[in-house]
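These notes are about the structure you will find just below.
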Amino acid sequence: MMKLTTFLLELLRMCLLFILGTTIAYGMERIVFTTFFNLEIDGWYTTLGNFILLFVLYRNYFQFRGWYKSALNVKLKRNTTIFLVAASAVCILGVPILTLIRLG
């Protein structure tokens with residue numbers, strides 16, 4: 001019963017981290033893109049990029065600081081981490097760059 005309780009607490013913690021983290025990151029990106037570049041951005045690609053970035057952060061850092069301890073908790077491999085962070089950067093920075101190219 002204790003294992004189930006810690007699993008449910010960790011699941012709740014994970015959902016809150018992803019929801020709050022994605023919302024805060026998207027808000028900061030909107031402020032930066034509208035202030036410095038005068039662009040209104042589409043939220044889908046940037047939200048996807050934020051979600052990927054938070055996934056990497058969770059798997060490499062936050063899962064080891066939670067309530068649920070398991071032998072299956074392992075960090076992502078270095079190549080996987082680099083690929084996912086690069087994909088996240090493309091999603092977050094790609095939309096404003098393409099918008100600036102299209103407008104210019």
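Below, each value reflects all heavy atoms present in this structure, side chains not excepted, and no hydrogens, waters or symmetry copies. Note that the numbering runs from 1 along the sequence shown for the chain.
Summarising the local packing, CZ of Arg78 is surrounded by 12 or fewer heavy atoms from other residues, nucleotides or ligands at distances under 6.0 Å. No more than 12 heavy atoms of other residues, nucleotides or ligands lie within 6.0 Å of NZ in Lys77, so this atom counts as exposed by the packing criterion.
Not counting sequence neighbours, the partners of Leu17 by the side-chain contact (heavy atoms from CB on, under 4.5 Å) test are Arg13, Tyr58, Phe62. Residues meeting the side-chain hydrogen bond (donor to acceptor under 3.5 Å, both in side chains) test with Thr81, sequence neighbours left out: Asn60. By the ring-ring contact (aromatic ring centres under 6.0 Å, His included) test, Phe64 pairs with no residue at all, sequence neighbours left out.
By the criterion of side-chain heavy atoms lying less than 4.5 angstrom apart, applied directly or through intervening Ile, Leu, Val, Met, Phe, Trp or Tyr residues, Tyr61 is grouped together with Phe51 in one hydrophobic cluster. When the side chains of ILVMFWY residues are joined at heavy-atom separations under 4.5 Å, either directly or via intervening members, Phe33 and Phe36 end up in a single hydrophobic cluster. Note: the hydrophobic cluster containing Phe83 also contains Leu76 (ILVMFWY, side chain heavy atoms under 4.5 Å, direct or indirect links).
Rounding to the nearest 0.5 Å places CG of Leu20 at 10.0 Å from CG of Leu54. The line from CG of Leu4 to CG of Leu11 is 10.5 Å long, rounded to the nearest 0.5 Å. Atom OG1 of Thr35 is separated from atom CZ of Arg30 by 10.5 Å, given to the nearest 0.5 angstrom. For the atom pair CZ (Arg59) and CE (Met14), the distance works out to 10.0 Å, reported to the nearest 0.5 Å. The CD1 atom of Ile52 sits 11.0 Å away from atom OG1 of Thr47, with the distance rounded to the nearest 0.5 Å.
Minimum interatomic distance between Leu48 and Cys91 (heavy atoms only, all atoms of both residues): CD2-SG, 4.1 Å. Taking every heavy atom of both residues into account, Lys75 and Gln63 meet most closely at N-NE2, 4.3 Å. Smallest separation of non-hydrogen atoms from Tyr26 and Asn50: N-ND2, 3.6 Å. Between Gly49 and Ser88 the shortest heavy-atom distance is O-OG, 2.6 Å.
With a 4.5 Å cut-off on side-chain heavy atoms, Leu39 and Thr34 do not count as touching.
Judged by distance alone, the side chain of Thr22 and the main-chain N or O of Ile19 form no donor-acceptor pair under 3.5 Å.
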